[in-house]
Structure formats: structure tokens, C-alpha cells
Participant: 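Before I ask anything, here is the structure I am working with.
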Amino acid sequence: MAKEEPIVFTRRASGLVREIGLFTAIAIPLTHTIGGGINKLLILASYENPGANVPAAYILAGIPVLATAIAYTMLAVSMPRTGGDYIYISRGLNPALGFLTSWGFWWTEIISLGVIAYYDVDFWGLGFRIANQATGNPTFLRLADTFKEGEPSCLWIGIAIVLISMVVTLLGARIYSVIINAGLIIGIIGSVVMVIFFLSKSPAAAPDLWNQTYGAGTYEKIVEIAKNSGWEKVPTNMGATAGAAIGAVWAYIGFTAGAYMGGEIKNPSKGMVWSITVSAVLIIIYYAFIGSMVYRAFGDFIPMYTHVVKEAPEQLAPIMASAPTPLLPTFAAALAPGQHTLQMVMAVSGAIWLLNDIPAFFLVCSRLVFSWSFDRFFPEKMAEVNDRFHSPHYAILLTTIGGFIGVGLCSLGSWVAAVDTTMLYIFAVMFGCLAAAITPYVRREVYERSIMIEIAGIPVMTIAGIIGFGGNFLLCFVAAQAIPISHLFFLMCWMVVGLIIFLVYYAINIRRGVDVKTIYAEIPPA
């Protein structure tokens, strides 16, 4: 009788298809990353962290990002499989650690998915406000009030955005690619328009341009209200800048998105370099530049306006009907008074950047769930792939539920969840970098399939891994200090649940005769 082969993975092939071309491979991290973190948190940072040098915070946060990008690129080339750092850590360090880090990161992604869907509503509201200025049609003003942060309608609009994104990702990589590539181009056009106005307008002209856009004398009145309602200028300091850097870290989440699609990118050896490292460089440059430009133009007026919107809205209402939320396009549009078409392009591009985010979140979340299930450490139903669209439909449906939770938290005013989830992201990439540092030594056969560049005999994968590990380790501690103990307790509970799930499935697999050791010794089939 022939010896029966040991049960390893859920099936012999993943069922996913390499349909993602180079342009989409670049688009995935760009659309995942450039969203609420730069278009909203960049502005809020100076209010939430008085005394912060916000552009510097984004540059500082970009240093470990670059090291992490290089490390992940090399890991992705050597192990081009769906699941990203879950695969890298579970195969290079430890199976339990691989599951736990990805379990925490999954929470980061599903909550952030909902947060971004909720944020996006406000950006469309700004577009409607500009449309009202252009046409005088009161319907647009009513829509601006409906699509405004804090309104009950935002909850349902946010849920609708999540549902639309679910459908986009269920239809598979080909349809997703067409939609996301178009969204990327629209977003870039709007960003280019913003950059042109930031470069062409003198900071000295900003007050007058603001008044022409949002109403005569509003700039001066906002400054007066801010000072009378408690706003005070705080000298620039490193502590506040470090605090702003945590929000900047959240803004960078997503630059590794291509790694989670490793089993679906056509040419991973070339595609991963562009998808992770090149995209990370472009994102860092854009963040540093656009942050410097908006604070160069408006300076302290940014935290002043944010303070008035949040702390003295009743004083703001009489001087600014339907005052726009403090957003990057709010300030960019102020530099183009009377040029309603260009203002609309800036506002809508901001909304499109955030809208692009959400299907990318779906991709990462669903592929993590898929990879756990494929390894038999999550319900195997989640590893099922649609025969027509080649998408993991049950994993996408589970992600949708998480997105609803994120929208709900944001509607309750819990946008601080963005800060909380940042810590779990840092925790994951910190160990991903550690896996990169030791893989050339503990998994030589894996390293030899990667980009083997060495400096003085030391693999660049190891060097990048060490720098990324150290930088993210430091950021993890800074993030922990910004989180209330009650929130840390919840995160602890979430991670304990993940550990229990891993141990339960470990025991179940052994009882079923599954060769667990072989699962984590092998790279999953494509």
C-alpha cells in the first residue's frame, strides 16, 4: 500500500491568479497609503500636538518606513506569496509570532478601513460647498451640511462606501485594477494642482486669499476667536514633534500593501521593488513636500482654525456658513479664490484619495485571513476562492463586517482608534524587519531566492532589517505612551484572543493528523 502523504495546506494550489501588472502593483500601496493620514491628520497634528513641527514629524516617521520597505521588498521577492509578513515572520521567526503580529495588524487594517470610509464623507462635503459657491444653488449647501463630520448621515454614507468597496474587491483583481488605476490618476491630478498653487502663491498672500474664498474678514475673525477661546502658541519642541510622528506613522500604513498580494503580482521579482521600495520613496517625498508647503503657507492659522472648529463652533457659525472641516484640500482650495473648477478638482481628488484607500484595505485584510486559513489556522471556509473572479469571497465578507465596526467607532467620535491601531501596525512591521535581519542566516535557501546584495559581506536585507527593527521598536514605545491604559487593556485582550485562536487550531490540527511542523517549514504553494 502506498504511503499516504501528510496533510499540509488546505489544498495544493491557492486558487489565486497572478493578474496584477506593474502599474497596479505600484497603485496598490500608493492608493492604500495616500489618504486620511496626509489629507486630514497632517492638519489635525498641529492642533493635537501643540508645538510640533509637523513636516519634520512626517520626515522622521519616514526613516524607518524606508528601511522597512527595503527589508520587505527583499522578503517579498524571496517569498512572493499571499499573506505578506505573516508568511515572513511565521517562516523566518516563529509560527505563533507570525500569527499574532498579523492578527494585530488585521485589527489595524479593518478599523482603519472604517475610519477612512467615515473620513471620506467630509471630503465630498467640501466639494459640495465649493459647488454652492460656484453656482449659488442651495441644494449643494444642504448636501455640504449632510456630508459633514459629526452628522448622523455620515454613519450610513460611510457604510455605503464600505459596501461599494466590498463589491469592487469581490469582482477580482482585473476589475479592481481598472478602477484603482483610474482613481490613482485622478488623485495625482488633484495633488499636482495643489502643488502648483502652493508653489505659486506667497505665504504673505494667504490671509487675503482665504478671505476671498471663504468670506471677507473671516481669516482675522478666526484668529481673534482662537485667541479669545484659549488657543495659545506653544514653542516648537521635540516631544510634540514625536507625538505628531505617531499620527504620521498611521499615515504611512499601507506602503507594504503589495507584499500581501505576493501571490497575485505577475512579475514579483520586478514588481515588488516598484510596489514596495519605489512606492515608499514616492510617498515619503510627497508627504514631506506637501506638509512643508501647507504649513509654509498657513503656519499657526492651521491649528487656530482647527481649534475654533472644534472648541468654538458656535462663534464660527455666524461668520462662516457651513464652515469646512480642517482638511488639506480646505487650505489648498483657499489659494484659488473664484477658480471653482480647480477648487473642485482639489476637493474631489482628496475624496478620491480616501475612496481609493478602502478597496486596498480590503485586499490586505482579506489576504491575511486567506493566508491563515490556507495554513489551517483559521476556518478553512475563509480560504475559498471564487472560480470566476479569483477572489477570496468569504474573507472579503468578514473584512466588510470589520469595516462596519470601524465606521461605527468613528461615528461615536472614536477617531483616536487611528492612534491605537498604529501601535499594532508598528508591532507587526518591527518583527517583519527582524525576520529580514535573520533570514539570510537561518533560512539561507530562502535568502538565495531574493536580491542578494551585500555590503562588506553583510546582506542588505539584514542591514535594512536591523535599522527597521530599531526604528519601529522606538516608535512602538512612543505610541504606547500616547494611548490610555483602558485602550491598551483592550489591545491586550485582542492579542490574547489571537493567541487562543492559534493554540486551539494547533491542537485541532494535531488531532486531525495535520503535519503542523511541515506547514511552517514550507513556503505555501502559489
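These numbers come from a predicted model, not from an experiment. Worth knowing before you read on, the calculation uses all heavy atoms, side chains too, and leaves out hydrogens, waters and symmetry mates. Count residues from 1 along the sequence.
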Participant: Report yes if some heavy atom in the side chain of T422 is under 4.5 Å from a heavy atom in the side chain of T108; otherwise report no.
Facilitator: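 Sidechains of T108 and T422: no contact.
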
Participant: Going by the angle between their ring planes, with limits at 30° and 60°, are Y58 and Y252 parallel, tilted or perpendicular?
Facilitator: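 Tilted.
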
Participant: Does Y287 reach the side chain of I34, with side-chain heavy atoms less than 4.5 Å apart?
Facilitator: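 Yes; the side chains approach each other to less than 4.5 Å.
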
Participant: Give a yes or no on whether F489 atom CZ has more than 12 heavy-atom contacts from other residues, nucleotides or ligands under 6.0 Å away.
Facilitator: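 No, because the 6.0 Å sphere around CZ of F489 holds 12 heavy atoms or fewer from other groups.
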
Participant: Say whether, by atom type as modelled, one donor and one acceptor occur between the side chain of N49 and the main chain of A52 under 3.5 angstrom.
Facilitator: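 The answer is no, because no donor-acceptor pair under 3.5 Å joins these two groups.
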
Participant: Using the ring of each side chain (for Trp, its six-membered ring), is Y86 parallel, tilted or perpendicular to W372, with breaks at 30° and 60°?
Facilitator: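 Perpendicular, since the angle between the ring planes exceeds 60°.
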
Participant: State whether the number of non-hydrogen atoms from other residues, nucleotides or ligands found under 6.0 Å of Y286 atom OH is greater than 12.
Facilitator: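 Yes, enclosed.
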
Participant: Check this for me: E314, atom CD, are more than 12 non-hydrogen atoms of other residues, nucleotides or ligands nearer than 6.0 Å?
Facilitator: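 Yes, CD of E314 has more than 12 neighbouring heavy atoms, counting only those of other groups under 6.0 Å.
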
Participant: Distance-only, no hydrogens or angles: does the T213 side chain make a donor-acceptor pair with backbone N or O of A334 under 3.5 Å?
Facilitator: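 A pair under 3.5 Å: yes.
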
Participant: For V308, is there any backbone N or O sitting under 3.5 Å from a side-chain donor or acceptor partner on Q315?
Facilitator: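 No, Q315 side chain to V308 backbone: no donor-acceptor pair under 3.5 Å.
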
Participant: Under the criterion ring-ring contact (aromatic ring centres under 6.0 Å, His included), which of W210, Y219, Y47, F298 is the partner of Y305?
Facilitator: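 Going through the options one by one, the only one that passes is W210.
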
Participant: Taking C-beta and beyond as the side chain, do D85 and F431 meet within less than 4.5 Å on heavy atoms?
Facilitator: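 Result no, sub-4.5 Å side-chain heavy-atom pair not found.
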
Participant: Evaluate the side-chain proximity of I319 to I225: yes if any heavy-atom separation is below 4.5 Å, no if none is.
Facilitator: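 In contact.
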
Participant: Would you check if the side chain of S292 reaches a backbone N or O of P55 as a donor-acceptor pair within less than 3.5 Å?
Facilitator: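 Between the backbone of P55 and the side chain of S292 there is no qualifying donor-acceptor contact (under 3.5 Å).
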
Participant: Using 30° and 60° as the class limits, which term best fits the ring planes of W494 and W107: parallel, tilted or perpendicular?
Facilitator: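 Ring orientation, 0 to 90° scale: tilted.
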
Participant: Once you measure the plane-to-plane angle for Y425 and F105, does it fall in the parallel (<30°), tilted (30-60°) or perpendicular (>60°) bin?
Facilitator: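 Plane angle between 30° and 60°, so tilted.
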
Participant: Would you call the rings of F99 and W103 parallel, tilted or perpendicular if under 30° counts as parallel and over 60° as perpendicular?
Facilitator: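 Answer is parallel, since the angle falls under 30°.
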
Participant: Do W353 and L184 touch side chain to side chain, with heavy atoms closer than 4.5 Å?
Facilitator: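 SC-SC contact between W353 and L184 confirmed.
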
Participant: Any donor and acceptor pair, going by atom type alone, linking the side chain of T399 with main-chain N or O of F362 inside 3.5 Å?
Facilitator: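 Checking the backbone N and O of F362 against the side chain of T399, no donor-acceptor pair under 3.5 Å is found.
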
Participant: Should the heavy atoms of other residues, nucleotides or ligands under 6.0 Å from CH2 of W274 be counted, would the total exceed 12?
Facilitator: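 12 or below, so no.
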
Participant: Do H32 and E109 have side chains that approach each other closer than 4.5 Å (heavy atoms only, starting at C-beta)?
Facilitator: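 A side-chain contact exists here, since the closest heavy-atom pair is under 4.5 Å.
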
Participant: Which atoms form the tightest heavy-atom contact between V121 and K148, and what is the distance?
Facilitator: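 Distance-wise, the nearest heavy atoms are CG1-N, 4.4 Å.
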
Participant: Hey, does the side chain of D120 reach the backbone of I116 with a donor-acceptor pair shorter than 3.5 angstrom?
Facilitator: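 Looks like no, no N/O pair under 3.5 Å.
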
